[in-house]
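Worksheet: the structure to be examined is printed underneath.
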2 protein chains.
Amino acid sequence: MTCTMHRTQELRKRGFRMTPQRQTILQILHDASGHHSPADIHARASLNIPGLTETTVYRTLDFLVQNGMINPAQSASGHLVYEIARHNHHHIICRSCGGSVEIEHTLLQELYQQLETHSGYLMTASHVTFFGLCQVCQSST
Amino acid sequence: MTCTMHRTQELRKRGFRMTPQRQTILQILHDASGHHSPADIHARASLNIPGLTETTVYRTLDFLVQNGMINPAQSASGHLVYEIARHNHHHIICRSCGGSVEIEHTLLQELYQQLETHSGYLMTASHVTFFGLCQVCQSST
DNA sequence: ATTGTTATTGATAAAACTTGCAATAAGGAA
DNA sequence: TTCCTTATTGCAAGTTTTATCAATAACAAT
């Protein structure tokens with residue numbers, strides 16, 4: 001079964017529908033790995049779907065996040081960017097140069113454990129963005 | 001020395017100026033503890049400073065964050081809210097009801113340690129927002 | 001295939017946030 | 001106090017994001 005067919009069935013099981021807009025946006029995030037802004041995604045998807053509105057892009061991105069098919073992350077500027085859902089991970093962004101590194105979720109496992117104990121909250125493993133100073137920017141200060 | 005005078009001197013030392021706009025916004029966040037949206041802050045501050053623009057509120061909030069006098073945090077809707085700088089802490093927000101609890105920074109200390117080791121980044125202790133499900137919403141699902 | 005239900009889209013307007021620039025005013029120096 | 005420098009503000013326009021609602025189209029059932 002293709003990836004697209006699988007996703008379509010996932011949505012239908014939950015009472016939702018697969019549409020060209022959703023398929024195209026998923027395809028874009030799948031092919032171009034990394035983070036993408038709504039504006040970027042809108043530009044790329046418009047090539048396939050002329051007349052696609054920004055409104056729909058924002059709504060589709062929210063929808064795909066809700067359904068676990070893509071993940072949101074904060075960019076250095078504070079705006080949200082999106083990428084295809086992969087293994088659970090997080091980011092540290094450099095306050096100074098905007099560069100970033102990926103953090104495996106396993107590193108947060110223990111903390112999440114403690115957070116659950118202390119707060120009573122069930123920690124769903126959503127993306128977290130930390131801020132810091134990268135090595136280069138540390139030494140150039 | 002009053003709190004205001006102290007803050008004024010802090011800014012001057014760094015080549016910045018204390019203004020009625022900055023003082024008023026600091027006062028508001030100081031008096032009304034908790035998180036406040038830019039719109040909320042603008043509404044309150046406008047009582048003291050008629051003609052205050054939203055632009056200035058956004059710029060002032062950014063400025064005060066940069067200078068460590070207030071802290072930003074993500075609200076349940078994903079927008080930024082602000083509070084007067086206090087001891088270092090973080091939040092867990094419930095995805096379902098939007099409620100939140102505070103997390104002491106000490107709980108993250110060990111993780112930050114590890115993050116620095118793994119990434120080489122210097123972890124500045126900025127506010128982190130986690131998402132989860134509170135006890136009430138867990139049982140009502 | 002055709003039909004009916006309703007999830008989804010596009011259009012429009014509004015709200016939230018940012019940028020560039022000229023006018024203003026904070027505060028150091030005379 | 002007065003003057004000068006320039007950080008800061010307000011204004012106006014632009015960008016980004018959200019909300020509302022009627023028209024459309026996905027897809028389950030016939």
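Chain letters run A, B, ... following the sequence lines, proteins first and then strands; every chain starts at 1. Just so it is clear, the values below take in all heavy atoms, side chains as well, and ignore hydrogens, waters and symmetry mates.
Listed by residue number, B/Thr55, B/Tyr58, B/Arg59 are the residues of residues 52-66 of chain B with a heavy-atom contact under 4.0 Å to DNA chain C. Residues from residues 28-47 of chain A that place a heavy atom under 4.0 Å from any atom of DNA chain C: there are none.
Summarising the geometry, atom NE2 belonging to A/His42 is positioned 10.0 Å from atom CG belonging to A/Leu47; distances are rounded to the nearest 0.5 Å. Residue A/Tyr121 holds its OH atom at 13.5 Å from CZ of B/Phe130, rounded to the nearest 0.5 Å. B/Thr8 OG1 to B/His6 NE2: the interatomic distance, rounded to the nearest 0.5 Å, is 10.0 Å.
By the 30° and 60° cut-offs, the orientation of the rings of A/His90 relative to A/His105 is tilted. Note: A/His91 and A/His127 have tilted aromatic rings, judged against thresholds of 30 and 60 degrees for the angle between ring planes.
Residues A/Met18 and A/Leu11 approach most closely at CE-CD1, 3.8 Å, considering heavy atoms. Smallest separation of non-hydrogen atoms from A/Gly132 and B/Thr124: CA-OG1, 3.9 Å.
If you find the closest nucleotide of DNA chain D to B/Ile49 and to B/Gly15, the one lying nearer the 5' end belongs to B/Gly15. Each of A/His79 and A/Arg17 was assigned the nucleotide of DNA chain C with the nearest heavy atom; the assignment lying further toward the 5' end belongs to A/Arg17. Position along DNA chain C of the nearest nucleotide to B/Leu80 versus B/Pro20 favours B/Leu80 as the more 5'-ward residue.
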Working note: B/Glu10 + B/Arg7, criterion salt bridge (charged side-chain N to carboxylate O under 4.0 Å, His left out); need CA distance, chi angles, decisive distance, verdict. CA-CA 5 Å; B/Glu10 266 306 304; B/Arg7 282 175 176 142; over 6 Å; no
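Candidate nucleotides C/dT9, C/dT18, C/dA26 were compared by shortest atom distance to the side chain of B/Thr19, and C/dA26 ranks first. Out of C/dA25, D/dG10, D/dT18, the shortest distance to the side chain of B/Gln21 is found at D/dG10.
Note: CD (A/Gln9) to P (D/dC27) measures 11 Å, nearest angstrom. For the pair B/Leu26 CG and D/dT8 C1', the computed distance is 15 Å after rounding to whole Å. In this structure, A/Met18 places its CE atom 10 Å from P of C/dT8, rounding to the nearest Å. Across the protein-nucleic acid pair, B/Arg14 atom CZ and C/dG27 atom P stand 15 Å apart, rounded to whole Å.
Using a 4.5 Å cut-off on side-chain heavy atoms (C-beta onward), B/Ile41 and B/Pro38 make no contact.
A salt bridge links B/Glu102 and B/Arg86; the closest N-O separation between the charged side-chain nitrogens and carboxylate oxygens is under 4.0 Å.
Comparing the helix axis at one end of the helix from C/dA1-D/dT30 to C/dA30-D/dT1 with that at the other, each defined from 5 consecutive pairs, gives an inter-axis angle of 30° (nearest 10°).
For A/Phe16 and A/Phe63, the gap between ring centers is short of 6.0 Å.
Taking only side-chain nitrogens and oxygens, B/Arg22 comes nearer than 4.0 Å to OP1 or OP2 of D/dT8.
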